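Structure, as structure tokens:
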Amino acid sequence: MILLLVFGVWYFYEQYRMAESDFMLDGILLFFIAVCGICFYGWSVIKDRQQYALTKRINSYFTTILGFIILLSNLCFQDNRMNSESLIKGFYDGGFNGFMVDFKKNGSYVMANGSGLGQSYFYGVYSIKDSVITLDTSNIDNCIKTTTLLIQKRKYYNQVQVDSAVVSKKNKLYRSSR
């Protein structure tokens, strides 16, 4: 029962921790914890059935019920900060490094900053008026240095014919000079 509880709580903690940052090997760690936890759960179900066959007491299934509650809570755990519908998404691919911002319709945002080895996630709230987005940057940890972003249309030119053909106009987020 103790091992089942340890692996269940450990798995829950790792899921919660990955809402703030992740590392490329975190998936392997979660898989290891899950396999060990499920093995201990299966073993406890077998032991509880054997105990019930001997004693015919319903409390023999205490460990099985506890394991089921842990399993259900881990399966149902989701970070609600990321589940709201998106209003505006932006991404910068810097090669090995990258940056992502996702403005949600509920007034919150998620920023991810990192590399191929892992990401750090930052959460906050924003307000939008016309084409200016104002950010609450108290939890960003030096990820972005401005509190306002500007949505603008800019012309993009063909890389081969820089001085002649306009390819398209696209909306982009820019740091505001305010």
Side-chain angles (χ1 to χ4, degrees), residues 1-126 133 135-145 147 173:
M1 179 174 93
I2 303 263
L3 288 174
L4 186 64
L5 192 61
V6 165
F7 278 98
V9 170
W10 187 16
Y11 188 87
F12 190 83
Y13 168 74
E14 288 298 325
Q15 264 190 317
Y16 180 76
R17 183 188 62 81
M18 281 190 241
E20 299 295 328
S21 67
D22 61 13
F23 182 64
M24 67 178 190
L25 300 177
D26 284 341
I28 295 169
L29 177 64
L30 273 180
F31 180 75
F32 170 75
I33 297 168
V35 167
C36 290
I38 290 171
C39 288
F40 284 119
Y41 180 65
W43 178 74
S44 70
V45 169
I46 292 168
K47 287 295 194 183
D48 287 353
R49 287 180 68 194
Q50 291 172 349
Q51 184 69 26
Y52 180 76
L54 292 174
T55 64
K56 301 293 185 201
R57 295 174 59 199
I58 196 72
N59 65 349
S60 300
Y61 285 109
F62 176 75
T63 307
T64 300
I65 293 169
L66 177 66
F68 182 74
I69 291 170
I70 291 170
L71 181 66
L72 192 61
S73 67
N74 276 311
L75 289 175
C76 293
F77 174 74
Q78 292 181 350
D79 190 3
N80 289 330
R81 295 178 288 189
M82 296 186 79
N83 289 336
S84 179
E85 192 176 348
S86 295
L87 179 65
I88 301 170
K89 284 185 179 181
F91 181 76
Y92 171 72
D93 183 6
F96 187 70
N97 297 323
F99 175 80
M100 181 275 307
V101 63
D102 187 1
F103 295 101
K104 305 293 187 176
K105 284 188 175 180
N106 65 2
S108 65
Y109 66 83
V110 179
M111 286 187 183
N113 188 27
S115 67
L117 298 177
Q119 303 252 7
S120 294
Y121 299 97
F122 305 99
Y123 304 91
V125 294
Y126 73 95
I133 299 173
L135 304 171
D136 168 27
T137 57
S138 58
N139 296 324
I140 291 183
D141 190 36
N142 207 18
C143 181
I144 188 170
K145 300 201 183 306
T147 58
L173 289 173

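These numbers come from the heavy atoms of this one structure, side chains and all, not from hydrogens, waters or symmetry mates. Note that this is a predicted model, so its numbers are computed, not measured.
The line from CG of N59 to CD1 of I65 is 9.5 Å long, rounded to the nearest 0.5 Å.
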Checking Y11 against L30 for the side chain to side chain contact (heavy atoms under 4.5 Å, CB included) test, could you report, in this order, the C-alpha distance in whole Å, the side-chain angles of both residues, the deciding distance, and whether it holds? CA-CA 7 Å; Y11 188 87; L30 273 180; 3.4 Å; yes

Given Y123 and Y109, is the side chain to side chain contact (heavy atoms under 4.5 Å, CB included) satisfied, shown in steps? CA-CA 6 Å; Y123 304 91; Y109 66 83; over 6 Å; no

May I have the step-by-step check of side chain to side chain contact (heavy atoms under 4.5 Å, CB included) for I70 and V9, ending in yes or no? CA-CA 8 Å; I70 291 170; V9 170; 5.7 Å; no

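Residues satisfying the salt bridge (charged side-chain N to carboxylate O under 4.0 Å, His left out) criterion with K105, sequence neighbours excluded, are E85. Remark: Y61 pairs with Y52 by the ring-ring contact (aromatic ring centres under 6.0 Å, His included) rule, at least two apart or across chains.
No side-chain heavy atom of V110 sits under 4.5 Å from any side-chain heavy atom of F122. At least one side-chain heavy atom of L29 sits under 4.5 Å from a side-chain heavy atom of W10. Between F99 and M111, some side-chain heavy-atom pair lies under the 4.5 Å cut-off.
Pairs passing the side chain to side chain donor-acceptor pair (under 3.5 Å) check and including a residue from residues 28-49, sequence neighbours excluded, read D48-T64.
Shown here for T55 and S60, the closest heavy-atom pair between the two residues is OG1-OG, 3.1 Å. S86 and D102 make their closest contact through OG-OD1, 2.7 Å (heavy atoms, listed as atom of the first residue, atom of the second, distance).
A donor-acceptor pair under 3.5 Å is formed between the side chain of Y126 and the backbone N or O of K104.
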